[in-house]
Amino acid sequence: MEIPACVAFQRLPLLPNKTQTKDPKHWNSIIKHHTKLKNDTGILTTYTHMESLGICPDNSTLPLVLKACARLNAVESGKKIHSHIQNTKLIEDVRVRTALVDFYCKCGFFEEALHVFGEMSERDVVLWNAMISGYVGRGHHEEAIGLFMKMGRENLRPSSGTMVALLLACGELLELRMGKEVHGYCLRNGLFEADPRVITALIGFYLRFDVRVSRLVFDMMDSRSIVSWNAMIRGYFDVGDCSEALKLFMQMLVDGVTFDSVTMLVAIQVCAEFGSLKLGMQIHQMAIKLEFNNDLFVANALLRMYSENGSLEFSRELFESITTRDIAMWNSMISVYIGFGCYEEALSLFIRIRTECIREDEITIAIMLSVCEQLADGLRMGKAYMPM
DNA sequence: GTAGGGTTAG
């Protein structure tokens, strides 16, 4: 028995040599290193280590630690950091405060976020943006717009980040007028040139009302980011215009635009809807070539695409070939079996979930209850398997 | 010049 190399290396902590252990600079650089590798657990472990040695991160690494806490939903760790720096100079740093506001919002603690936000006397645009987009991120769109209004009263000029958050809120609330005003403001202040994300947000905003307007914005863009391509293709897909979505995808290929896993995902979904098995298989080939097939979102979409195009066999083959399946993948395969009327297979897959000790979710339960309806002794089985 | 916030997704 041997630990696989990849695991061993991932787990290997970057141990400083004895002379460096108390040097904060060294520890801060380790955190930055983990940040580059997007290793959130590494960041948190390093921080815990520092804490035990009585070393405090500086104002440039503390935000990184808080960000990791938010992504890992490590609420207690984040709160502990907050209380640790409560009476230090760090809490007066606007960057640290912004990171705290962001952390609290992302974890859903708005009272705490508002508290940290409100205490600060000299608030700049980024701090406001963190609070505003914090609201937007959790669906509190009215509050976001209200805060934006307040911001105007403090004579702060909104930045492109403010506009992105605002466009998202306006889209969700179907505030066409206000969104158009934002559009105008961005034009007058050159915010489109300043940041491509503003245009992408604008495309997303108009998608709520009329794809054709989004397309006009898209066509006028000087340089289209991959995200804007994806948004536009998805926009056509969402209104059911699969052929236009495919056309745009083809144009991407012809123009030689480098696409990503989101593009693959949407293209596969379009194929599933459009009923094009041949094209779907070609995209599958492309995904394998470009190594997007290991992406769980892409694999899941492929699995569904095959089943929707009538090929249970291809779905099953794909499912069994995947080594790292997540619960969504299991759920999809069970649904596929149900769709083909293979209730026994669906049930045996569910039993595999149980025996392989995979954590099922509420979707698994909902799907399985529908299987129980179909089986002769379903009621008994449903009661036996379901958590009470 | 840089940091703290913001766009697409099963």
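All chains are named by letter (A, B, ...) in the order of the sequence lines, taking the proteins before the strands, and each is independently numbered beginning at 1.
With sequence neighbours excluded, the residues forming a side chain to side chain contact (heavy atoms under 4.5 Å, CB included) with Glu244(A) are Arg215(A), Tyr236(A), Asp241(A), Lys247(A), listed by chain and number. Partners of Arg188(A) under the side chain to side chain contact (heavy atoms under 4.5 Å, CB included) rule, at least two apart in sequence or in another chain, are Tyr185(A). By the salt bridge (Lys or Arg N to Asp or Glu O under 4.0 Å) test, Glu172(A) is found to be paired with Arg208(A), residues two or more places apart in sequence or in another chain being considered. For Thr98(A), the side chain to side chain contact (heavy atoms under 4.5 Å, CB included) criterion is met by Val94(A), Val126(A), Leu127(A), Ala130(A), not counting sequence neighbours.
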Compile the donor-acceptor pairs under 3.5 Å between side chains in residues 261-268 of chain A and protein atoms, sequence neighbours left out, one pair per line.
| residue | atom | partner | partner atom | Å |
| --- | --- | --- | --- | --- |
| Ser261(A) | OG | Asp295(A) | OD2 | 3.4 |
| Thr263(A) | OG1 | Asn230(A) | OD1 | 2.7 |
| Thr263(A) | OG1 | Asp260(A) | N | 3.2 |
| Thr263(A) | OG1 | Asp260(A) | O | 3.4 |
| Thr263(A) | OG1 | Asp260(A) | OD1 | 2.8 |

- Letter by letter from the 5' end, nucleotides 4-10 of chain B scores (B base, S sugar-phosphate only, - none; protein heavy atoms under 4.0 Å) BBBBBBB

